[in-house]
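Comments concern the structure below.
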Amino acid sequence: MALVLASSSYAFAQTAPVNESFITQAGTRNHGFVGQTGGNNNQGTLQVGTKNTTATVQKGASSTTNDSGTIQIGTQNSSVASQTGGSNAQTTLQVGVKNSATTKQASTGGSNSNAGATLQFGTGNQAITVQDAAPINSVNATATTNNSLVTQFGFQNQGLVQQTGGKNTQATLQGGAKNLAATEQSNTNAASPASVNTSFTGQFGKNNSGATSQTTADLDNGFGGNSNGGSNQSATFQIGNGNQFATVQTASAGPGLNGVNNEAATLQVGTKNTAMTTQGGTVFDGNANSSVNASLIAQFGSENTATATQTNGANTQATVQLGAKNTAITTQNNNSDGGVTNGAATVQAGKNNFALTGQTVANPLNAGAIGSANNSLIAQVGSQNQAIAAQSTGLQAMIGANNQVTQQVGVYNFAFTAQSSNNGVSNTAVTQQFGSHNVAITAQR
């Protein structure tokens, strides 16, 4: 084992003690272990060879600084970095086969920032990043931040990221086959107006799967104020065969209302892909809050499934599917104030496609529901397609209307529309079919 430890200094007097360490290894079966306590903590490790292992543990950094960089080139390399205290920054680059990188960061003081980046090139790589920054609230609006980037090229790569406390930003890019990307973000006390979770996942290959979970939720301070919350953003891009992705977004607040501003986009190219988007705002009160739930799912191929669920917000959903035997399911539910509207559009081109849209507006006790409405469009081009729409409004007459438009072009298509309302709320349904042997049924109450 070759071990070089250089550039080490220790200061006792006027300034906080400084930790510095650098390890360079070239050969086979090298091991590098570094433990740093107190000081500002700086560590760099370079390994070239086979079956190298490096572990870095940093804690108790003064003046908010932890820095660590690890570079490994070879086969079956392993990197573990643990950082506590300080602001925390870690970068790991691995080139080879069966590399593994694990980063754990916890920041409790100063700017409360975590930044982690992992780059892997090879086969069977695994990257795990865990970040925790001290949570902030609506009173203490310090710019607490979590940032993480995972990039993998190869076969059977995995990218797992968990972020808590800060405002959270994550990007994962994978190229290869059988990749897995999972991201969980939470900033429970996120301080308005920038209560933000942002995540991007891109996957290229076969049998990729990814899951993104985002939560922001400022809490009530006990006196009915400082609720805030809101704002999640996510983008997913997959190209391959048999990809699966689930996006869950929640931007809720406390009894002081506020919340809701979710945006998600998913693009999939291939066959037998599955995309699921769930958005919830929990509370909403008219134009005084960010009222947007917006989602887009685009799938190109055959036997794909798209499911979108939205609650409480100005729910807006669009699904576009090109291919055969695709399924699109959209459900929207609004129990909120301020004339919010459910809007859904589903466009399918191909054969044997199925579209189902269900919308509900129900706030029978609040006059603020004036103007709330269900609006839906289903457009299908091809043969043997099915379009089903169900819309329902609440008990009060001031609630808006049910509006459904279904358009089908082709042969042997089927369209069914069901609308239910009370106290004179209007139902409007338009079904247009162009072709032969098509069937349309409309039921209104």
Side-chain angles (χ1 to χ4, degrees), residues 92 101-103 114-121 124-131 145-164 166-187 196-216 231-251 262-270 272-279 293-301 304-309 317-320:
T92 301
T102 302
T103 301
N114 294 315
T118 301
L119 303 174
Q120 294 176 322
F121 309 92
N125 296 320
Q126 176 178 316
I128 299 176
T129 301
V130 179
Q131 296 176 316
T145 303
N146 290 319
N147 294 313
S148 176
L149 170 66
V150 177
T151 303
Q152 296 174 320
F153 301 94
F155 186 79
Q156 293 182 336
N157 295 318
Q158 299 183 44
L160 306 178
V161 178
Q162 182 184 52
Q163 297 173 313
T164 59
K167 295 184 178 180
N168 305 331
T169 300
Q170 163 61 26
T172 300
L173 175 64
Q174 295 176 321
K178 297 182 179 179
N179 295 318
L180 170 66
T183 301
E184 180 179 358
Q185 297 175 315
S186 174
N187 56 359
V196 175
N197 290 318
T198 301
S199 179
F200 168 82
T201 300
Q203 294 176 322
F204 310 89
K206 184 178 181 179
N207 295 325
N208 295 319
S209 63
T212 298
S213 176
Q214 298 174 312
T215 301
T216 66
S231 187
N232 293 311
Q233 298 178 356
S234 179
T236 302
F237 179 74
Q238 293 178 321
I239 297 178
N241 184 59
N243 295 319
Q244 299 184 29
F245 203 90
T247 301
V248 179
Q249 297 177 314
T250 302
N262 299 315
E263 296 180 356
T266 300
L267 172 63
Q268 295 176 320
V269 179
K272 296 182 179 180
N273 296 318
T274 300
M276 181 182 71
T277 300
T278 302
Q279 297 175 317
N293 285 323
S295 175
L296 169 65
I297 299 176
Q299 294 175 320
F300 303 92
N304 295 318
T305 301
T307 303
T309 302
Q317 162 64 25
T319 300
V320 178

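The model shown is predicted, which means the values in this text are computed figures rather than measured ones.
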(message) Using the side-chain hydrogen bond (donor to acceptor under 3.5 Å, both in side chains) criterion, which residues pair with S295? Sequence neighbours excluded.
(response)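 S295: side-chain hydrogen bond (donor to acceptor under 3.5 Å, both in side chains) contacts with Q317.
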
Next item on the list: Output all residues satisfying side-chain hydrogen bond (donor to acceptor under 3.5 Å, both in side chains) with T309, sequence neighbours left out; order by chain, then residue number.
Entry: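 T309 satisfies side-chain hydrogen bond (donor to acceptor under 3.5 Å, both in side chains) with T331 once adjacent residues are dropped.
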
Of the non-hydrogen atoms in [X] and [Y], which two are nearest, and what is the gap between them?
{"X": "N304", "Y": "G270", "result": "ND2-O, 3.5 Å"}
{"X": "I239", "Y": "N243", "result": "C-ND2, 3.5 Å"}
{"X": "Q174", "Y": "G159", "result": "NE2-N, 3.5 Å"}
{"X": "T247", "Y": "A264", "result": "CG2-CB, 4.2 Å"}
{"X": "Q131", "Y": "N147", "result": "NE2-O, 2.7 Å"}
{"X": "Q268", "Y": "A275", "result": "OE1-CB, 3.5 Å"}

Gap between atom [atom2] of [Y] and atom [atom1] of [X] - 0.5 Å precision:
{"X": "Q158", "Y": "I128", "atom1": "CD", "atom2": "CD1", "result": "7.5 Å"}
{"X": "L296", "Y": "E263", "atom1": "CG", "atom2": "CD", "result": "11.5 Å"}
{"X": "N208", "Y": "N157", "atom1": "CG", "atom2": "CG", "result": "9.5 Å"}
{"X": "Q126", "Y": "T102", "atom1": "CD", "atom2": "OG1", "result": "6.5 Å"}
{"X": "I297", "Y": "T266", "atom1": "CD1", "atom2": "OG1", "result": "5.5 Å"}
{"X": "N168", "Y": "Q170", "atom1": "CG", "atom2": "CD", "result": "9.5 Å"}

Do you know which of Q163, Q185, E184 makes side-chain hydrogen bond (donor to acceptor under 3.5 Å, both in side chains) with Q214?
->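 Checked Q163, Q185, E184 against Q214; only one passes side-chain hydrogen bond (donor to acceptor under 3.5 Å, both in side chains): Q185.
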
Which residues share a side chain to side chain contact (heavy atoms under 4.5 Å, CB included) with [X], sequence neighbours left out:
{"X": "Q156", "value": "K178"}
{"X": "F121", "value": "L93, V95, L119, F153"}
{"X": "A211", "value": "none"}

Counting distance only, does the side-chain N/O of N207 pair as donor-acceptor with the main-chain N or O of A177 below 3.5 Å?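 Here the side-chain-to-backbone pair does not exist.
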
For the residue pair [X] and [Y], establish whether any side-chain heavy-atom pair is separated by less than 4.5 Å.
{"X": "F245", "Y": "T212", "value": "yes"}
{"X": "F300", "Y": "L267", "value": "yes"}
{"X": "L173", "Y": "F204", "value": "yes"}

- Item | ring-ring contact (aromatic ring centres under 6.0 Å, His included) against F155, all qualifying residues, sequence neighbours excluded |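 Residues passing ring-ring contact (aromatic ring centres under 6.0 Å, His included) with F155: none at all.
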
